[in-house]
Amino acid sequence: MTRKTYTEKEAYERASLLCARAEHCLSQIRGKLAAWGLSPAAQGRVLARLVDERFIDEARFSRAYALDKFRYNGWGRLKIDLYLRQLGVRESDRRDGIAEIPEQDYLNALMELLRAKRNALNAASDYELRGKLVRFALSRGFTMEEIIRCLPDDAEPQE
């Protein structure tokens, strides 16, 4: 089965509809255009037009992506930054997008995430429990400093 190839005009129309429905970055739309059989020159023209007409805005995409991944997936800043980097978003746009996450909401979400995980874990000692919680939060993209600040009191080691 062969894929349908699109003309430059058809590809622009489809891409503009995609971008009107949801935020997309340049690399995502570039991949779609390539899959639709457009030449690299035609891809460049379509992408330039989409950017000129503000269908694609990497800064806006970065803000939306960061807030969505934080709110709905419970990701930390490090993980969000990693995925934005993989999508080819510029560092300044990544940094600005991640900065949109309110600090207090961020810490509250981490505390709630750790509290919920704490209730689901079985550990033989406080040391083991603390290790499991730290590994879990690190895998979600939170920094060690943030994790230490937000660890529940019952996960602190006994002295």
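The analysis underlying the following values was restricted to heavy atoms, covering all of them including side chains, and did not include hydrogens, waters or symmetry mates. What you are looking at is a predicted structure, and each value in this text was computed from that prediction instead of being measured.
- Side-chain atoms of E13 never come within 3.5 Å of backbone atoms of E10 as a donor-acceptor pair (strictly under, hydrogens ignored).
- In this structure, the side chain of E146 engages the main chain of T143 through a donor-acceptor pair within 3.5 Å.
- Under a hydrophobic clustering in which Ile, Leu, Val, Met, Phe, Trp and Tyr are joined whenever their side-chain heavy atoms come within less than 4.5 Å, directly or via other members, I147 and L78 fall into different clusters.
- Within the cation-pi definition used here (under 6.0 Å to the ring centroid, within 45° of the axis), R77 does not qualify as a partner of F142.
- The two residues R54 and D57 come nearest to each other via the heavy atoms NH2-OD2, 2.7 Å.
- Side-chain atoms of K32 never come within 3.5 Å of backbone atoms of S27 as a donor-acceptor pair (strictly under, hydrogens ignored).
- Hydrophobic clustering (side-chain heavy atoms under 4.5 Å, transitive across Ile, Leu, Val, Met, Phe, Trp, Tyr) groups M144 together with L114.
- Side chain to side chain, Q104 and N108 meet the donor-acceptor criterion of an N or O pair below 3.5 Å.
- Side-chain heavy atoms closer than 4.5 Å link hydrophobic residues (I, L, V, M, F, W, Y) into clusters, and following such links, possibly through other members, connects L129 to L138.
- When atom types are taken as modelled, the side chain of S62 and the backbone of D93 share a donor-acceptor pair closer than 3.5 angstrom.
- Checked by atom type and distance alone, the side chain of R94 never pairs as donor or acceptor with a backbone atom of L84 at under 3.5 Å.
- No donor-acceptor distance shorter than 3.5 angstrom exists from the side chain of E100 to the backbone of G97, with no hydrogens or angles considered.
- Hydrophobic side-chain contacts under 4.5 Å tie I29 into a cluster, directly or through other members, with Y6, Y12, L18, L26, L33, W36, L38, V46, L47, L50, V51, F55, I56.
- With sequence neighbours excluded, no residue satisfies side chain to side chain donor-acceptor pair (under 3.5 Å) with K79.
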